[in-house]
Amino acid sequence: MSGSPSTDDAPAKNGAQSSRSGSGNTTSPLLSVRDLRTWFPIKAGLLRKTVGHVRAVDGVSFDIFAGKTMALVGESGCGKTTVGRSLLRLVEPDAGKVLFEGTDLLQLRADELRRTRQRLQMVFQDPMTSLDPRMRVRDILTEGMESFGIGANAKERTERVAHLLETVRLDPRHMHRYPHEFSGGQRQRIGVARALSVDPRLIVLDESVSALDVSIQAQILNLLGELQAELGLAYLFITHDLSVVRYLSDDVSVMYLGQIVEQSSTAELFEAPQHPYTRGLLASIPSADPKVRKLEAKVLGDVPSPAKPPPGCRFHTRCNEAFDRCPREMPDLYELAGRKTRCFLVEPDASSER
Ligand code: SF4
């Protein structure tokens, strides 16, 4: 892989097979999210009364299987980062279930949750703010090991740090350096090594390559793909950029204003996107081939406020296929042939509705 792939030239992940339930996978999901809801209260006045809610995550469900990647895609403000933070309870969800290895994380006490975080790690967008600038890389990487009792002593943990740095293709001799002595891409490798240091089964990657140059993005995506193949890791890959999804993900969930609007295998989504929003996002990706003409319209205008989502279909204010029913009723997430789409146009008897 030599650069961030466009819609036209990027291969799907290793001939990606869908990992969604109902598409041939007979194993249980590693992570199963059901009707997750995270609303933030809006306070106003001298008494700080709650006058409304930002519906950041509003009934989101998806599964991730061991060794697979689910991409969660949408524009800024769609709620995708809040989903990631809600799973780890870095923000507290209001409702729903987050079943990880069969245990509902939302029901765990603080000490139980802390133990679970060994197997469920997160890599953030900006390694400069997520890595303590006063700590040497060795100490950053041993912090989690000490906390979870990994490694019998300091010598063993240091050996493990050297191995981790090699794993993320960094020089082990640099373990005594500080984060500012590395480039942006190298710092993100340190962020990945920190997540790996405690032997996770699932890593939430929150815009983890977004701040990097395209060529560095490609290197990190390659590394993540190799680590997944080697270690059997599962990823929740959160991004606003559909172009980086195709290489790494098996499945895609597209979010708009707190809701999933399309859920599909990555190959099917790129081949035949069903929701007008997904088609707009795909049309916004620059093509590597100038001869390729984009037939779909891009999504115009800004995302409405999640504090006051539009009535009916939340996308109707920006949808170039909206019709009279769309502002009045909210479409369900209709399931057809293993794919899910929240749009009246794919409702089983849609032809009689227009
Ligand atoms: Fe567009 Fe209507 Fe479908 Fe919503 S339900 S995406 S407004 S066509």
Side-chain angles (χ1 to χ4, degrees), residues 5-8 10 12 18 20 23 55-62 70-81 83 237-246 249 251-287 292-306 308-354:
S6 75
T7 50
D8 314 305
S18 171
R20 285 165 293 131
S23 57
R55 301 178 193 186
V57 179
D58 205 10
V60 162
S61 302
F62 58 85
M70 162 70 80
L72 194 56
V73 183
E75 292 164 288
S76 174
C78 73
K80 58 191 187 303
T81 287
V83 170
F237 186 68
I238 298 171
T239 180
H240 68 279
D241 185 357
L242 252 181
S243 70
V244 298
V245 158
R246 196 169 191 181
S249 71
D251 295 308
V252 183
S253 292
V254 180
M255 268 190 91
Y256 187 77
L257 277 181
Q259 298 178 321
I260 302 279
V261 296
E262 181 158 3
Q263 210 161 53
S264 162
S265 74
T266 307
E268 287 171 314
L269 185 119
F270 276 80
E271 186 66 32
Q274 292 190 324
H275 196 282
Y277 180 56
T278 312
R279 290 201 286 268
L281 290 180
L282 283 169
S284 304
I285 300 174
S287 171
V292 173
R293 194 162 60 93
K294 296 289 182 186
L295 297 173
E296 302 292 345
K298 295 176 185 175
V299 185
L300 301 174
D302 296 325
V303 184
S305 167
K308 209 171 173 211
C313 173
R314 292 185 181 177
F315 187 57
H316 84 262
T317 55
R318 302 171 76 196
C319 181
N320 55 16
E321 297 181 56
F323 56 105
D324 55 356
R325 187 181 173 194
C326 302
R328 289 189 274 110
E329 287 177 55
M330 183 184 290
D332 290 333
L333 196 55
Y334 304 113
E335 182 162 6
L336 198 64
R339 301 184 65 179
K340 293 181 181 170
T341 311
R342 191 183 293 280
C343 175
F344 293 127
L345 298 176
V346 298
E347 191 179 16
D349 58 351
S351 56
S352 61
E353 299 289 342
R354 296 193 73 167

key: Worked check of side-chain contact (heavy atoms from CB on, under 4.5 Å) between F315 and Q259   = CA-CA 10 Å; F315 187 57; Q259 298 178 321; over 6 Å; no
ask   = Any side-chain donor-acceptor pair under 3.5 Å between D241 and S243?
value = yes
query = Just by modelled atom types, is the I238 backbone N or O under 3.5 Å from a matching donor or acceptor in the K80 side chain?
reply = no
message = Could you check whether any side-chain heavy atom of S253 comes within less than 4.5 Å of a side-chain heavy atom of F62, counting everything from C-beta outward?
response = yes
note = Minimal heavy-atom distance between P306 and G77, with the atoms involved, is CG-O, 4.2 Å
task = Looking only at non-hydrogen atoms, find the nearest pair between L242 and T278 and report the distance.
result = CD1-O, 4.4 Å
ask   = At what distance, to the nearest 0.5 angstrom, does CD of E329 lie from CD of E347?
value = 8.0 Å
ask   = Atom SG in C326, atom CG in L345: separation rounded to 0.5 Å?
value = 6.5 Å
message = Within the structure provided, determine whether L269 and D251 are in side-chain contact (heavy-atom separation under 4.5 Å).
response = no
ask   = What distance do C313 atom SG and Y256 atom OH have between them, rounded to the nearest 0.5 Å?
value = 8.5 Å
From Q263, Q274, E335, residue fulfilling side-chain hydrogen bond (donor to acceptor under 3.5 Å, both in side chains) relative to T341 = Q274
inquiry  = Could you measure the distance from the CD atom of E271 to the OG atom of S265? Nearest 0.5 Å is fine.
reply    = 10.0 Å
ask   = What are the two closest non-hydrogen atoms of P273 and L282, and how far apart are they?
value = CG-CD1, 3.4 Å
query = What residues, two or more places apart in sequence or in another chain, satisfy side-chain hydrogen bond (donor to acceptor under 3.5 Å, both in side chains) together with R55?
reply = none
note = Taking every heavy atom of I260 against every heavy atom of S61, the minimum-distance pair comes out as CG1-O, 4.3 Å
ask   = Within a strict 4.5 Å, meaning less than it, do heavy atoms of the V254 and H275 side chains meet?
value = no
ask   = Which pair of heavy atoms, one from S76 and one from V303, lies closest together, and at what distance?
value = O-CG2, 4.0 Å
ask   = Relative to each other, are the rings of F344 and Y334 parallel, tilted or perpendicular (30° and 60° limits)?
value = tilted
remark   = From the list R279, R339, R342, salt bridge (charged side-chain N to carboxylate O under 4.0 Å, His left out) with E262 holds only for R339
message = Using modelled atom types and a 3.5 Å cut-off, is there a donor and acceptor pairing between side-chain atoms of R318 and backbone atoms of G301?
response = yes
query = Below 4.5 Å, heavy atoms only, C-beta onward: do L336 and V346 meet side chain to side chain?
reply = no
query = Can you find a heavy atom in the side chain of H316 that is under 4.5 Å from one in the side chain of P310?
reply = yes
task = Could you tell me whether the side chain of V83 reaches within less than 4.5 Å of the side chain of M255, counting heavy atoms only?
result = yes
ask   = Are P304 and L257 side-chain neighbours, meaning at least one heavy-atom pair lies under 4.5 Å?
value = yes
